Amino acid sequence: MQPSSWDMAVGPVITQAIAEQRLVGAVVLVVHRGQLVLRHVAGLADREAAQPMTEDTIFRLASLTKPVVTAAALALVDGGRLSLDDAVTRWLPGFRPRLADGEVPEIRLRHLLNHTAGLSYGFMEPPGSAFHEARVSDGLDQPGLSLQENLRRLARVPLAFRPGEAWRYSLSLDVLGGVLEAATGQTLPDVVRQLVGEPLGWRDTGFTVRDTGRLATPYADDTPVPRRMRELEVLADAAAPEMATRFAPSRVFDPGSYPSGGAGMVGTAHEMLAFFEALRSDSGTLLPPTWSRAMRQNQTGELPIDLQGPGWGFGFGGAVLLDPAAAQVPHSPGAWQWGGVYGHCWLVDAAQELTMVTLTNTTIAGMMGRFPDDLRAAIYRHLRG
């Protein structure tokens, strides 16, 4: 079979990343105008076992969990069971974090959804901070930890700011997971399965691994050649070595680990593509168009989105491009994107009728830096001729 024009335009970026050992393995899927135009699978799911990557390889999804749980929450809002203006304490009466001066401000569900609640993540906090002293989990480590205990620990940490006054990436989706459980009387995995998984016909994407033989082995890219992750892994950002993310890859196998609404799911590229494409097309499969569009619209005004830089706002579940020139990216205004720290990135550009999902098993190179930048650049060069 002759390679398609998309294969010829985008494939070399993926092939080169694998050949140069920047990535161990990857699955890249692109839909344009409702058609699957690129399905590129490369490298190895497990290098030491010589297990090839396949289209149905299962990955630890990390922050790709966030838009899924967001969509479930908005389905409950649409059904009248929740309101964006609900106080979190309506559903979680004991969750009352304070400001530094001791005041207990009101956190609303919309603050959780757009990361303006004043909460934080451990990888954004320096060693010795109150966050680390409280032993809060980011939802990627501490196998066996319950949600109730993690929320108790999180509530002891002072808020970074009054809710609504700034943007900070945080554990807010884990708190939202607790809200969904309290509002429905169900577990978060059941809520997500009923509101997202079943409408999309998912078989492998959820909070537990259906087939462990297809689960990709995670690798860390902090050495010249990515190395297999250890049971307890602490990876620092080269640009900010005092900040570090803690991983426990075995967490997904421990039934006592709480279902992290921000980082706890596993899944396949095709099933995640179906999710993003349903939202891109405003199909109504998951949400009425009013809500799927709201996910892709800026919900944070002019607040700086520090993890993205100039030209970006934040919607529900991902960043929203406001000014391509300021952001120095080729996307259309309104493009919606984010990633996952285990090595993933996704992009929805409704103006171009484009959806891209890239899942790799290489942290952090698959999420940010040269590979995703080159990949998106190649996609847009081909798209615009």
Side-chain angles (χ1 to χ4, degrees), residues 3-32 36-45 47 53 55 57 59 61-64 216 218-226 235 237-239 269 272-273 276 280 305 307-312 318-321 323-333 335-349 351-385:
S4 71
S5 62
W6 281 90
D7 289 317
M8 291 188 289
V10 182
V13 173
I14 308 163
T15 302
Q16 184 176 9
I18 298 291
E20 293 177 356
Q21 299 188 70
R22 290 182 279 120
L23 298 178
V24 177
V27 180
V28 180
L29 304 176
V30 176
V31 166
H32 184 225
L36 182 63
V37 294
L38 180 70
R39 48 196 302 176
H40 194 110
V41 182
L44 299 169
R47 185 180 60 204
M53 190 67 76
E55 286 191 40
T57 293
F59 297 82
L61 292 176
S63 287
L64 271 71
Y219 294 84
D221 66 349
D222 60 342
T223 53
V225 175
L235 296 178
D237 186 336
M272 288 306 302
L273 183 71
F276 288 115
R280 193 278 307 167
I305 310 301
L307 291 185
Q308 288 290 108
W312 292 91
V320 177
L321 182 63
D323 185 340
Q328 298 182 356
V329 296
H331 319 6
S332 307
W336 181 53
Q337 70 174 49
W338 205 245
V341 74
Y342 267 111
H344 319 312
C345 58
W346 57 268
L347 166 69
V348 172
D349 189 332
Q352 297 290 337
E353 299 179 77
L354 177 79
T355 303
M356 181 271 287
V357 170
T358 297
L359 303 185
T360 84
N361 55 353
T362 312
T363 302
I364 295 172
M367 177 182 72
M368 60 185 297
R370 178 182 171 187
F371 170 69
D373 289 349
D374 288 351
L375 184 67
R376 288 185 289 256
I379 287 171
Y380 278 91
R381 279 196 303 271
H382 182 63
L383 192 65
R384 290 167 175 161

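Since this is a predicted model, take the numbers as computed values, not measurements. FYI, the numbering just counts along the sequence from 1.
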* Asked: Do L359 and L64 have side-chain heavy atoms sitting under 4.5 Å apart?
  -> yes
For F371 and A17, the nearest pair of non-hydrogen atoms, with its separation, is CD1-CB, 3.7 Å
Interatomic distance, CD1@I14 vs CG@D374, rounded to 0.5 Å, equals 11.0 Å
What orientation do Y380 and H331 show, parallel under 30°, tilted 30 to 60°, or perpendicular over 60°?
parallel
For atom CZ of R39, is the number of surrounding heavy atoms from other residues, nucleotides or ligands below 6.0 Å larger than 12? no
Taken to the nearest 0.5 Å, the spacing of L347 CG from T358 OG1 works out to 9.0 Å
Kindly indicate, with the supporting measurements, whether the criterion side-chain contact (heavy atoms from CB on, under 4.5 Å) is fulfilled by V348 and L354. CA-CA 6 Å; V348 172; L354 177 79; over 6 Å; no
The reported gap from CZ in R280 to CG in L273 (rounded to nearest 0.5 angstrom) is 10.0 Å
Quick check against the 3.5 Å criterion: does D349 have a side-chain atom that pairs as donor or acceptor with the backbone of S332? yes
CZ of R384 to CD1 of I379, rounded to nearest 0.5 Å, is 11.5 Å
So, do H32 and L383 sit near enough that their side-chain heavy atoms are less than 4.5 Å apart?
yes
By ring-ring contact (aromatic ring centres under 6.0 Å, His included), W312 pairs with (sequence neighbours left out) none
Between C345 and M368, is the side-chain contact (heavy atoms from CB on, under 4.5 Å) condition met? List the steps.
CA-CA 8 Å; C345 58; M368 60 185 297; over 6 Å; no
T362 side chain vs G343 backbone, donor-acceptor pair below 3.5 Å:
no
In terms of heavy-atom contacts, V24 and P226 come closest through CG2-CB, 3.9 Å
request  = May I ask you to decide if T360's main-chain N or O and H344's side chain share a donor-acceptor pair within less than 3.5 Å?
outcome  = yes
| message | Please verify the inter-ring angle class for W346 with F276; under 30° counts as parallel, over 60° as perpendicular, anything in between as tilted. | response | parallel
In terms of heavy-atom contacts, G366 and P372 come closest through O-CG, 4.2 Å
Residues A269 and V27: closest non-hydrogen pair is CB-CG1, 3.6 Å
Taking the side chain from R22 and the backbone from R370, do they hold a donor-acceptor pair closer than 3.5 Å? no
Going through the distances and angles, do M356 and L38 end up as a side-chain contact (heavy atoms from CB on, under 4.5 Å)?
-> CA-CA 9 Å; M356 181 271 287; L38 180 70; over 6 Å; no
Looking only at heavy atoms, the pair that brings A327 and L321 closest together is CB-CD1, 3.6 Å
To the nearest 0.5 Å, atom CD of Q337 lies from atom CD of Q308 at 5.5 Å
**Prompt:** Just by distance, do the side chain of R47 and the backbone of Y219 share a donor-acceptor pair under 3.5 Å?
**Reply:** no
request  = Please answer whether the main-chain N or O of I364 pairs with a side-chain N or O of D221 as donor and acceptor at a distance below 3.5 Å.
outcome  = yes
Between M53 and V41 the two heavy atoms that sit nearest each other are O-CG1, 3.2 Å
CZ (R381) and CZ (R376) are apart, to the nearest 0.5 Å, by 13.0 Å
